[in-house]
Chemist: 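One structure follows; several queries about it will come next.
Source: prediction; values computed, not measured.
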Amino acid sequence: MQLSVEPLDQLERDLLDKISAQQHLREQQLIELVEINSGSLNPAGINQVGLKYQELFAPLCNKSERVELPEWERIDYTGKAEYQALGSLWKFSHNPDAPIQILFCGHTDTVFPVDGPFQHAIRLDHTRLNAPGAADMKGGILVILSALEALAQHPLAHQIGWSVVLNPDEEIGSPGSADYLAEAAKQHDIGLIYEPALPDGNLAGERKGSGNFTLVVHGRSAHAGRAPETGRNAINKAAELILQLASLNNQKPGLTLNTGIIKAGETTNKVPDLAVCKFNVRIQKTEDAEWCLERINEFIQQHNQQEGFHIELHGHFGRYPKQLDQPHLALYQLVQQCSEQLGTTLTWSATGGCCDGNNLSTAGLPNIDTLGVTGNFIHSPHEFINLPSLSSRAQLSALLLFHIAREGLPFKRLRPQGRPQ
């Protein structure tokens with residue numbers, strides 16, 4: 001079922017104008033936020049940013065919750081498990097008994113480490129700000145704030161209940177928050193995620209799934225001159241396995257495998273007995289995950305049958321593909337209509353990237369995951385935000401909320417525990 005967007009009334013026009021009137025305030029808030037390092041492995045900085053958002057959202061919500069997440073377990077370069085503390089997750093919620101429940105998602109972490117060179121905001125010109133996390137996604141969370149402030153002043157605001165979930169670990173695959181997001185998805189009717197728009201300003205549609213893995217290759221050390229034949233070279237064995245992994249590329253449509261890191265060896269006169277290799281797999285179809293794991297384990301089993309070698313595989317597919325079924329398409333089309341009403345043509349396209357939109361989709365929640373600001377060069381020292389998009393993208397989300405409050409959802413939805421919408 002596709003709904004048409006009704007014309008704006010004067011009150012709604014005034015509410016959208018108020019968003020524009022707050023542009024300078026939002027820019028000031030953004031600069032304050034980006035000046036706090038909140039790299040994924042800097043929980044202190046993440047928590048400082050989270051408290052700032054808590055101050056901003058507190059006037060709008062019935063309840064604020066701070067959730068401590070389990071530590072992130074990963075394999076280090078000695079082949080052992082290590083544990084990384086994560087920052088806190090925040091949930092702000094309002095009107096839990098409303099007939100329509102919307103989940104807003106954002107993340108407080110960035111990819112920029114606390115000891116990295118990219119830490120401060122620089123104005124490139126009057127419309128662009130170069131700053132860590134400005135587009136991805138501290139600006140996007142401010143877009144949520146503006147849209148919800150507008151909704152709060154709408155006469156039909158009581159029709160919508162909402163939760164804002166800000167997780168601290170999205171940039172590393174949401175290892176600590178994935179279960180929380182899956183449970184939150186069951187309590188809501190749609191998800192709106194504020195990752196930055198694609199560089200051309202449009203939306204991401206279908207997304208590939210992703211798995212991160214570590215191979216720990218054990219061999220046998222020996223003197224490289226006196227008795228090399230008694231050793232078992234872990235680097236050579238890892239190289240054989242890496243070439244086998246590379247052969248999986250495109251054996252299924254859209255399947256790609258990238259070996260990203262290998263650490264091994266101490267000196268050239270010793271046969272290395274350990275190599276640690278990290279790789280990423282992207283898949284276009286959910287069923288390809290099992291196929292890929294079967295092939296990888298077959299390779300490992302072959303090599304483990306050779307005397308003196310032992311190979312371990314760690315990791316999993318943390319995100320499965322997001323595909324656009326009918327509810328997703330109906331939601332995208334509604335956003336497209338709202339954009340046209342604001343005088344902008346908006347479309348969507350497939351991408352190989354992943355985000356929490358994958359997680360929500362896997363949990364059965366239709367969502368759009370690039371409703372944040374426009375900009376470019378995210379994950380690099382050249383990252384910038386188009387500052388006017390703090391207002392324009394907030395107006396788009398506000399108009400979407402006005403429409404849903406007035407007309408309902410563009411599809412029928414039955415929550416796992418609830419009633420049809």
Side-chain angles (χ1 to χ4, degrees), residues 1-8 12 98-105 140 143-144 147-148 150-151 154 156-157 159-163 181-182 184-195 197-198 201-209 284-286 320-351 354-372 393-421:
M1 178 179 64
Q2 183 173 334
L3 302 178
S4 60
V5 176
E6 297 296 322
L8 290 168
E12 292 171 335
I100 298 171
Q101 295 292 320
I102 299 178
L103 178 61
F104 294 82
C105 288
V143 168
I144 301 174
L148 289 178
L151 175 65
H154 195 280
L156 295 177
Q159 291 292 110
I160 293 177
W162 51 262
S163 298
L181 291 171
K186 297 175 184 178
Q187 309 300 321
H188 296 83
D189 298 301
I190 62 170
L192 304 178
I193 303 178
Y194 286 77
E195 293 289 344
L198 299 180
N202 287 308
L203 305 172
E206 291 188 342
R207 287 183 178 272
K208 287 187 178 183
Q284 196 164 299
K285 295 183 178 180
T286 298
Y320 289 94
K322 174 183 175 180
Q323 297 178 332
L324 300 190
D325 56 14
Q326 188 277 327
H328 276 94
L329 285 172
L331 183 57
Y332 273 77
Q333 289 164 356
L334 178 56
V335 172
Q336 186 179 56
Q337 292 173 47
C338 290
S339 179
E340 291 173 353
Q341 191 166 10
L342 294 172
T344 303
T345 301
L346 197 62
T347 187
W348 56 89
S349 58
T351 176
C354 299
C355 75
D356 288 330
N358 295 70
N359 300 59
L360 299 189
S361 181
T362 298
L365 186 67
N367 68 86
I368 295 183
D369 57 38
T370 37
L371 286 168
R393 301 291 280 200
Q395 290 172 329
L396 175 62
S397 285
L399 182 55
L400 174 65
L401 296 176
F402 297 165
H403 175 84
I404 291 173
R406 184 172 54 239
E407 304 293 336
L409 296 170
F411 55 87
K412 295 290 185 181
R413 171 159 168 80
L414 181 64
R415 283 184 237 145
Q417 81 296 350
R419 58 200 177 281
Q421 300 294 327

Chemist: How many angstroms lie between CG in L203 and CD in Q336, if you round to the nearest 0.5 Å?
Modeler: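 Rounded to the nearest 0.5 Å, the CG-CD separation comes to 9.0 Å.
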Chemist: On a heavy-atom basis, which atom in N358 and which in R207 lie closest, and how many Å separate them?
Modeler: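 Closest approach of N358 to R207, heavy atoms only: OD1-CD, 3.3 Å.
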Chemist: Please report the closest heavy-atom contact between P327 and P366, naming both atoms and the distance.
Modeler: CB-CG, 3.7 Å
Chemist: Taking only residues two or more places apart in sequence, or in another chain, which ones meet A405 in a side-chain contact (heavy atoms from CB on, under 4.5 Å)?
Modeler: L156, Q159, I160
Chemist: Using every non-hydrogen atom in the two residues, find where C105 and I144 come nearest and quote the distance to one decimal.
Modeler: O-CD1, 4.1 Å
Chemist: Mind checking whether S361 and H328 have side chains closer than 4.5 Å, heavy atoms only?
Modeler: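 The answer is yes; the side chains approach within 4.5 Å.
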Chemist: For G209 versus C354, what's the shortest heavy-atom pair and its separation?
Modeler: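 Taking every non-hydrogen atom into account, C-SG, 3.9 Å.
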Chemist: With rounding to the nearest 0.5 Å, note down the distance linking CD1 in I368 to NZ in K322.
Modeler: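 If I round to the nearest 0.5 Å, the distance is 7.0 Å.
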Chemist: Could you work out, with salt bridge (charged side-chain N to carboxylate O under 4.0 Å, His left out) as the rule, every residue matching D356, not counting sequence neighbours?
Modeler: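 Partners of D356 by the salt bridge (charged side-chain N to carboxylate O under 4.0 Å, His left out) criterion, ordered by chain and then number, come out as R319.
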Chemist: Would you mind reporting whether D369 and L360 have side-chain heavy atoms less than 4.5 Å apart?
Modeler: no
Chemist: Please work out which of the three classes, parallel, tilted or perpendicular, describes the rings of F104 and Y194, given edges at 30° and 60°.
Modeler: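 Ring orientation, 0 to 90° scale: parallel.
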Chemist: Nearest 0.5 Å, please: how far is CG in D189 from CG in L365?
Modeler: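 Output value for this atom pair is 8.0 Å.
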Chemist: For A394 and A147, work out which heavy atoms get closest and say how close.
Modeler: O-CB, 3.9 Å
Chemist: State, with a plain yes or no, whether a side-chain heavy atom of F411 is found less than 4.5 Å away from one of I190.
Modeler: yes
Chemist: Quick one: side chains of residues 342-350, donor-acceptor pairs under 3.5 Å with protein atoms, not counting sequence neighbours, listed by atom name and distance.
Modeler:
none

Chemist: Quick check for you: to the nearest 0.5 Å, what is the distance between T370 atom OG1 and L192 atom CG?
Modeler: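 With rounding to 0.5 Å, OG1 (T370) is 11.0 Å from CG (L192).
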Chemist: Considering residues at least two apart in sequence or located in another chain, which fulfil the salt bridge (charged side-chain N to carboxylate O under 4.0 Å, His left out) criterion with E206?
Modeler: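 For E206 there are no salt bridge (charged side-chain N to carboxylate O under 4.0 Å, His left out) partners, ignoring immediate neighbours.
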Chemist: So how far is it from S339 OG to R393 CZ, rounded to the nearest 0.5 Å?
Modeler: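 Answer rounded to 0.5 Å: 7.5 Å.
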Chemist: Check A197 against N202 and note the closest heavy-atom contact, atom names and distance.
Modeler: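 A197 and N202 have their closest heavy atoms at CB-O, 3.6 Å.
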Chemist: Just to verify, which of L148, N367, L151, L401 counts as forming a side-chain contact (heavy atoms from CB on, under 4.5 Å) with I102?
Modeler: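 Of the listed options, the one satisfying the test is L401.
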Chemist: Would you please name every residue forming a ring pair (Phe, Tyr, Trp, His ring centres under 6.0 Å) with F402, sequence neighbours left out?
Modeler: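 Partners of F402 by the ring pair (Phe, Tyr, Trp, His ring centres under 6.0 Å) criterion, ordered by chain and then number, come out as H154.
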Chemist: How about S163 and H188: do any of their side-chain heavy atoms sit closer than 4.5 Å?
Modeler: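 Answer yes - side chains close enough.
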Chemist: Could you please spell out the steps behind the side-chain contact (heavy atoms from CB on, under 4.5 Å) verdict for L400 and H403?
Modeler: CA-CA 5 Å; L400 174 65; H403 175 84; 5.6 Å; no
Chemist: Taking it one step at a time, do L396 and V143 satisfy side-chain contact (heavy atoms from CB on, under 4.5 Å)?
Modeler: CA-CA 10 Å; L396 175 62; V143 168; over 6 Å; no
Chemist: Check side-chain contact (heavy atoms from CB on, under 4.5 Å) between T362 and all other residues, then give those that pass, not counting sequence neighbours.
Modeler: Y320
Chemist: First locate atom CD of Q333, then atom CD of Q326, and finally report the distance between them rounded to the nearest 0.5 Å.
Modeler: 8.0 Å
